[in-house]
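Everything below concerns the one structure shown next.
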There are 2 protein chains.
Amino acid sequence: MGVVSKGEQTRELALREALAQSSNVGLQGITIGALADSLGMSKSGLFAHFRSKEQLQLDVLDFAGRMFVARVFTPALDVSSGEPRLTFIVDRWLGWAGFADYALPGGCVFVTAAREFDDEPDGPVRDLLVTQQQEWLDTLAQVVRGGVREGHFREDADVDQVAYDILALMLGYHFAVRLLRDERADSRTRRAFERLLDDLRPTS
Amino acid sequence: MGVVSKGEQTRELALREALAQSSNVGLQGITIGALADSLGMSKSGLFAHFRSKEQLQLDVLDFAGRMFVARVFTPALDVSSGEPRLTFIVDRWLGWAGFADYALPGGCVFVTAAREFDDEPDGPVRDLLVTQQQEWLDTLAQVVRGGVREGHFREDADVDQVAYDILALMLGYHFAVRLLRDERADSRTRRAFERLLDDLRPTS
DNA sequence: CGCAGAAACGCACGGTCGTGCTTTTATGGG
DNA sequence: CCCATAAAAGCACGACCGTGCGTTTCTGCG
């Protein structure tokens, strides 16, 4: 009777759980059995929803992408464009990659997936991942360009370089907080971001 | 009759091959069977050299650490301390993490290992990895401190922050060159490093 | 050369994985 | 309430994993 069928419902639940586990063990590290156990159902019952492990990985990646956009980018559209919006995004991003996001107990799933597939030969999962990352870099650059338009940033700013720099900062943050368990990771990343903004502002 | 026994010899060969494979598939991704095949020997014959897979991982990590020091840090001691030495290190480091180093066809093994163990509970391998990384960060900070002493960098420079920033740059480089296969990764990283140095120099 | 010890091998074990097949159970529109 | 259909379960398969044991081959000193 529900507007959403039983199948869709468990599928959604499975994706949510799979995403959480992926953040810990990666997309390859997911096992159908462990996932089924966590959901209290049988391996084959779960397996039927996705018809292969690769399809599961693709679905999880897509799910994660939509969640990232919804939590980090979309809310930023309510913030005035330019530097405020960029700062807002970085702040949300830190939350997504760190411990704040209970949906990702193991940190940013993209960071994990990136290293799993970086040396893999081309394949559907790798391709989707690369596309997502490049689109996100473009989006970031676009936000920076908005800052230039607003007069917050220098006219000659290399917006792609800035996007690249910010991404590197986030990778460093993930490394420090996840592997080294460095409590100063957050403040260090924010400091580095401030320095980046300083260099970006018009010379007064 | 040689000064080095047969066992030591194949062990060295095995470590070299294991390191190469690790850079592709990670420390966990190594399989004794595949490694044995690559070396043209039997699984059990190889296995006897290391008495467990965990021991193999530890040995590979130690091997990689000594090789990294030998290729990146030790040669830098011949360069005059301060900014020249720091620049030299970054240059060598880029070679190590990129495609230049034929011993690491899959990029920096530490980057790969970091992701594998970042959410693992504490264990011997993880502990060793963290120790290595923290020691390297300390070493980097020490090099930066040398630059302060030489008058190349500002007196009030936060040397730990600089080390952190450089590490983040390298992670970004690895991401761009390995996953995105971005040809501009090298120049972008060098540009970001230059910007970092600019901020570090005394205000003229 | 001879022989003790090192090195490598062959083989098998228990376990886990992804994936199909058949069967059972639950769902929900008419 | 019925019953077609969807959803979940049960079960088995082949493949691959790390690891141990007994045996065979090689190495290199006396």
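Since this is a predicted model, take the numbers as computed values, not measurements. First the proteins, then the strands, lettered A, B, ... as listed; each starts at 1.
- Between the P atom of D:dA8 and the CE atom of A:Met41 lies a distance of 5 Å, rounded to the nearest Å.
- Of the residues in residues 19-38 of chain A, not one places a heavy atom less than 4.0 Å from an atom of DNA chain D.
- One atom, NZ of A:Lys53, and another, P of C:dT19, lie 8 Å apart when rounded to the nearest Å.
- With respect to the salt-bridge test (charged N to carboxylate O, under 4.0 angstrom), the residues B:Asp37 and B:Lys43 do not qualify.
- In this pair, B:Trp96 and B:Phe110 present their aromatic rings parallel. The plane angle is below 30°, not in the 30 to 60° band.
- The distance between atom CZ of A:Arg51 and atom P of D:dA7, rounded to the nearest whole Å, is 14 Å.
- Rounded to an integer number of Å, the gap from CD of A:Gln55 to P of C:dT19 is 11 Å.
- A heavy atom closer than 4.0 Å to some atom of DNA chain C occurs in no member of residues 56-64 of chain A.
- Counting only heavy atoms from C-beta outward, the side chains of A:Tyr173 and B:Tyr164 approach each other to under 4.5 Å.
- Note on B:Asp122 versus A:Arg181: salt bridge recorded, some NZ/NE/NH1/NH2 to OD/OE distance being below 4.0 Å.
- Taking 4.0 angstrom as the limit, A:His49 places a side-chain polar atom (N or O) nearer than this to OP1 or OP2 of D:dA8.
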Under 3.5 Å between N/O atoms: give me all the protein pairs with nucleotides 11-14 of chain C, atom names plus distance.
none

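- Here B:Arg195 pairs with A:Asp165 in a salt bridge; the nearest charged N to carboxylate O distance falls below 4.0 Å.
- Electrostatic pairing of B:Arg126 and B:Asp118 does not count as a salt bridge here, judged by no charged N lying under 4.0 Å from a carboxylate O.
- Salt-bridge annotation for B:Arg16 and B:Glu12: present, with a side-chain N of the basic residue lying under 4.0 Å from a carboxylate O of the acidic one.
- Below 30°, between 30° and 60°, or above 60°: for B:Trp136 and B:Trp93 the angle between ring planes is above 60°, a perpendicular geometry.
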